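See structure below.
Ligands are counted one by one from 1 in listed order, and the atoms in each one are counted from 1 as well. Predicted model, so just to flag it, every value in this text is computed and none were measured.
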Amino acid sequence: MTLPPSPRLQFKLLDERMRDYLPRYATAGSAGMDLHALLDEPLRLEPGQCELVRTGLAIHIGDPALAGMILPRSGLGHKHGIVLGNLVGLIDSDYQGELMISVWNRGATAFRLAPFERLAQYVLVPVVQAELQLVEQFDDSIRGSGGFGSTGSH
Ligand SMILES: O=c1ccn([C@H]2C[C@H](O)[C@@H](COP(=O)(O)OP(=O)(O)OP(=O)(O)O)O2)c(=O)[nH]1
Ligand SMILES: [Mg+2]
């Protein structure tokens, strides 16, 4: 199997401490690179609390046909209720600032986030930018305007 070449993304290290915690694919087939929390000290998140956590990294994607997504890690989300305050972070291809992670404790118990812990994952995805065209009528479709369960419950 020949794989297409990986896009090369420029990044800046905004804090030297993150040099040992650069995002990487954990396995050859990993979809995301884990992002580590840049913290001076452990962060205690009370139930319901939401905080913006630094990553110490800026990644400039630079190609409008690509975007970054910050997604929760399954283990943290399922076992500890640690997910993202924005549910999903969408990173524009022209964003050059620090990647920030909105971490939200949606669980019922406090959670202690350790400095440099893997907190979320960064996924690069293809994007198609659309052009909107104003019309009075659409061509017919089988669905029409039915939604929200209109096809039945089984
Ligand atoms: O979890 C996230 C989400 C966003 N961003 C950065 C990158 C993204 O390109 C920028 C803007 O994000 P978005 O467009 O979702 O936020 P907004 O509230 O619409 O802000 P803006 O007015 O700057 O677009 O913020 C992060 O660092 N982490
Ligand atoms: Mg925006």
Side-chain angles (χ1 to χ4, degrees), residues 3-136 138 143 145 147-149:
L3 297 171
S6 308
R8 291 175 77 83
L9 303 188
Q10 295 186 341
F11 77 99
K12 281 187 188 170
L13 199 54
L14 305 176
D15 188 300
E16 264 307 316
R17 287 174 290 176
M18 299 315 287
R19 194 177 286 277
D20 294 335
Y21 300 100
L22 294 180
R24 60 181 189 85
Y25 295 102
T27 65
S30 293
M33 307 187 236
D34 287 334
L35 296 173
H36 298 249
L38 173 53
L39 293 170
D40 295 326
E41 55 193 39
L43 175 64
R44 185 181 160 88
L45 287 161
E46 300 297 335
Q49 194 177 341
C50 188
E51 297 291 336
L52 211 49
V53 172
R54 296 185 60 191
T55 63
L57 296 175
I59 297 178
H60 181 211
I61 297 172
D63 177 351
L66 297 172
M69 290 183 110
I70 297 180
L71 301 174
R73 294 185 64 215
S74 310
L76 281 181
H78 182 72
K79 291 186 205 145
H80 303 289
I82 298 300
V83 293
L84 304 176
N86 47 355
L87 304 187
V88 172
L90 181 59
I91 313 301
D92 299 288
S93 68
D94 53 357
Y95 181 67
Q96 296 184 322
E98 181 167 3
L99 287 178
M100 301 296 291
I101 301 172
S102 170
V103 56
W104 173 35
N105 182 358
R106 62 150 187 82
T109 53
F111 181 79
R112 180 184 174 279
L113 180 66
F116 312 114
E117 189 170 337
R118 287 178 298 154
L119 176 56
Q121 49 191 328
Y122 180 91
V123 181
L124 192 67
V125 294
V127 165
V128 177
Q129 283 185 341
E131 205 178 302
L132 291 181
Q133 185 191 359
L134 181 64
V135 297
E136 292 298 327
F138 292 131
R143 173 177 288 275
S145 47
F148 300 91

Here the atoms of ligand 1 under 4.0 Å from any heavy atom belonging to G89 are 1 (O), 2 (C), 3 (C)
Residue portion contacting ligand 1 (non-hydrogen atoms closer than 4.0 Å) for N86
side chain
Would you confirm whether T55, through its side chain, and L99, through its main-chain N or O, come within 3.5 Å as a donor-acceptor pair?
yes
Please confirm whether the backbone N or O of I70 pairs with a side-chain atom of Q121, one donor and one acceptor, at under 3.5 Å?
no
Note the single closest protein heavy atom to atom 25 (O) of ligand 1, along with its residue, its atom name and the distance in Å.
Y95 CE1, 4.1 Å
For atom 27 (O) of ligand 1, is the nearest protein heavy atom closer than 4.0 Å?
yes
Distance-only, no hydrogens or angles: does the N105 side chain make a donor-acceptor pair with backbone N or O of L45 under 3.5 Å?
yes
Verify atom 20 (O) of ligand 1: protein non-hydrogen atom under 4.0 angstrom away
no
A student checking ligand 1 against E98 at a 4.0 Å heavy-atom cut-off should list atoms 27 (O)
For atom 9 (O) of ligand 1, the closest protein heavy atom turns out to be D92 OD2, 2.6 Å
Note, L57 side chain near D15 side chain (heavy atom, < 4.5 Å):
no
For ligand 1, is there an N or O atom under 3.5 Å from any N or O atom of I70?
no
Mind checking salt bridge (charged side-chain N to carboxylate O under 4.0 Å, His left out) for R24 and listing every partner two or more places apart, or none if nothing turns up?
none
Heavy atom of protein closer than 4.0 angstrom to atom 1 (O) of ligand 1:
yes
Students often mix this up, so state it plainly: with edges at 30° and 60°, are the rings of Y21 and F116 parallel, tilted or perpendicular?
parallel
Starting from atom 15 (O) of ligand 1, find the nearest protein heavy-atom neighbour and note its residue, name and distance.
L90 O, 4.0 Å
Quick one: salt bridge (charged side-chain N to carboxylate O under 4.0 Å, His left out) pairs with a partner in residues 27-45, sequence neighbours left out?
R17-D40, D34-R73, D34-R118, R44-E46
E51 side chain to V103 backbone, donor-acceptor under 3.5 Å:
no
Any protein heavy atom lying closer than 4.0 Å to atom 5 (N) of ligand 1?
yes
